[in-house]
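Taking it in order: structure first as structure tokens, then the write-up.
Hydrogens, waters and symmetry mates play no part in the numbers below; they use all other heavy atoms, side chains included. Both ligands and their constituent atoms are indexed starting at 1 by order of listing.
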Amino acid sequence: MTDADSLQTEVAALERELMRAIGAAGETATLEQVRVAALGRKGRITELMHGLPALAPAERKRAGAAFNAVRDRIAAAIAARQRALHEAEVEARLRAEALDVTLPPRPTDRGTIHPVSQVTEEIIAIFADMGFTVAEGPDIEDDFHNFTALNIPPEHPARQMHDTFYLEAAPGAAPMVLRTHTSPVQIRAMRAGPPPYRVIAPGRTFRRDSDQTHTPMFHQVEGLVIDRSTHMGNLKGCLEEFGRAFFEVENLRMRFRPSHFPFTEPSAEVDIGCRRKGNELVIGAGEDWLEILGCGMVHPRVLEHVGLDPETHQGFAFGMGIDRVAMLKYGIPDLRAFFESDLRWLRHYGFAALDVPGLAMGLAR
Ligand code: DAH
């Protein structure tokens, strides 16, 4: 065997060994080590090449060509392996980070929707279906919006009845208040643009009061419809429609009882029929009555406060306690529990997170 032959045998053995190592490299980092060990400046192939000058010229040429071919095959194998490993790594990462957005929603059995949120959504769904939009106002109101513009002047006894929370006043300024009702949103809605108006405004309200049926923070929804010819019949029809849809009782008994509010004239309170059987309360039928809201034709002075002419525009308003109708509809006895964040209570009275109320699907399931 010539020197060249033994050198070539050695190279062939090395090629097999390296090919095995390349095939065995499971990640790009290992493959890089194989590459450096073979083709790097101090790599084994490079070192074998250093043996070439010692050969006779004819053999050197033959062996050189063969070596180069081996080196190229190794380099090509490494490159191919590199591509394959890279693809596999990208593949694995995509698989690990995949989000299957096609999965159908699974009902959660943990979080529930609070009855106030649920009932607010139900009320919005019903009025949205009648063409109302939702309006909002701030929890911290000024005296004008909460009282004066609603025809409750400074000495008016209704101010006392509201048990108002006052904020500390800036020197020389009137104190701001935590809004005692959602009625100030009527004023804001009317000042925001020209009539007609057809809005509801659900939100938080505040009064200094606390017992089984009163909490310092509670929720109301306000309604306002102003146009050129909106009359008391429209008010009645609208609220009857609401009552039937909300309590899901087709022949809901309802009565409009004369009342008084400074911001409406005439004013009425609305009762729904009910029957009390022991501890049970049945809504809709029966001889008893339950008050659910206040309403009336918007007082001309309120319209004047927002720059509307009572000779050309008129309409109705109503205000309803959301917590109260939630208690009635879902048989929840104590209002205070609404705001105690007791998980057991929330699991019992809460609603499935994905059952969004809508008229087509039924309000609550
Ligand atoms: N703001 C009244 C309250 O909190 C409720 C109310 C009564 C609102 C009659 C109205 C209405 O819009 O017309 O007691």
Side-chain angles (χ1 to χ4, degrees), residues 120 123 127 130 132 134-139 141 143-153 156-165 177-191 197-209 213-227 230-240 242-243 254-272 290-303 305-306 308 310 313-325 335:
T120 303
I123 294 169
F127 283 107
M130 292 193 242
F132 286 68
V134 174
E136 280 185 320
D139 289 359
E141 264 299 3
D143 187 273
F144 175 76
H145 287 89
N146 197 78
F147 293 121
T148 307
L150 290 161
N151 195 29
I152 312 176
H156 199 285
R159 291 204 177 195
Q160 264 77 60
M161 280 157 56
H162 278 207
D163 299 310
T164 312
F165 284 111
V177 302
L178 293 184
R179 67 177 178 192
T180 55
H181 50 178
T182 43
S183 303
V185 188
Q186 289 184 32
I187 306 301
R188 292 186 176 274
M190 289 190 281
R191 291 177 113 195
Y197 308 107
R198 189 179 285 255
V199 296
I200 53 164
R204 288 191 191 92
T205 46
F206 307 84
R207 291 185 198 176
R208 301 164 67 113
D209 211 349
T213 52
H214 297 91
T215 48
M217 191 277 294
F218 57 107
H219 299 84
Q220 287 190 341
V221 57
E222 195 77 12
L224 175 73
V225 176
I226 302 282
D227 210 328
T230 304
H231 52 75
M232 194 97 186
N234 300 134
L235 161 62
K236 206 163 174 239
C238 173
L239 292 178
E240 281 175 352
F242 166 77
M254 262 181 140
R255 102 182 152 182
F256 287 69
R257 183 166 38 76
S259 183
H260 172 79
F261 300 102
F263 31 88
T264 44
E265 179 57 35
S267 304
E269 280 173 302
V270 175
D271 302 334
I272 55 170
L290 268 172
E291 183 208 317
I292 59 161
L293 60 86
C295 61
M297 298 303 293
V298 175
H299 199 292
R301 239 175 267 147
V302 174
L303 298 176
H305 271 298
V306 298
L308 282 179
H313 286 86
Q314 62 178 32
F316 63 83
F318 58 87
M320 181 169 72
I322 294 179
D323 322 81
R324 180 167 169 78
V325 293
L335 177 65

Who are the side-chain contact (heavy atoms from CB on, under 4.5 Å) partners of Arg257, not counting sequence neighbours?
Arg255, Glu269, Asp271, Glu291
Run the ring pair (Phe, Tyr, Trp, His ring centres under 6.0 Å) check on His181 and Phe263 step by step: do they pass?
CA-CA 12 Å; His181 50 178; Phe263 31 88; 5.8 Å; yes
With ring centroids as reference points, do Phe242 and Phe132 lie under 6.0 angstrom apart?
no
Proximal protein residues to ligand 1, non-hydrogen atoms under 4.0 angstrom
His181, Ser183, Gln186, Arg207, Gln220, Glu222, Phe261, Phe263, Thr264, Gly294, Cys295, Gly296, Ala317, Phe318, Gly319
Val225 and Thr230 have their tightest heavy-atom pair at CG1-CG2, 3.8 Å
Exceeds 12 heavy-atom contacts within 6.0 angstrom, atom CZ of Arg188:
yes
Quick check: are there more than 12 heavy atoms from other residues, nucleotides or ligands sitting under 6.0 Å from CD of Glu240?
yes
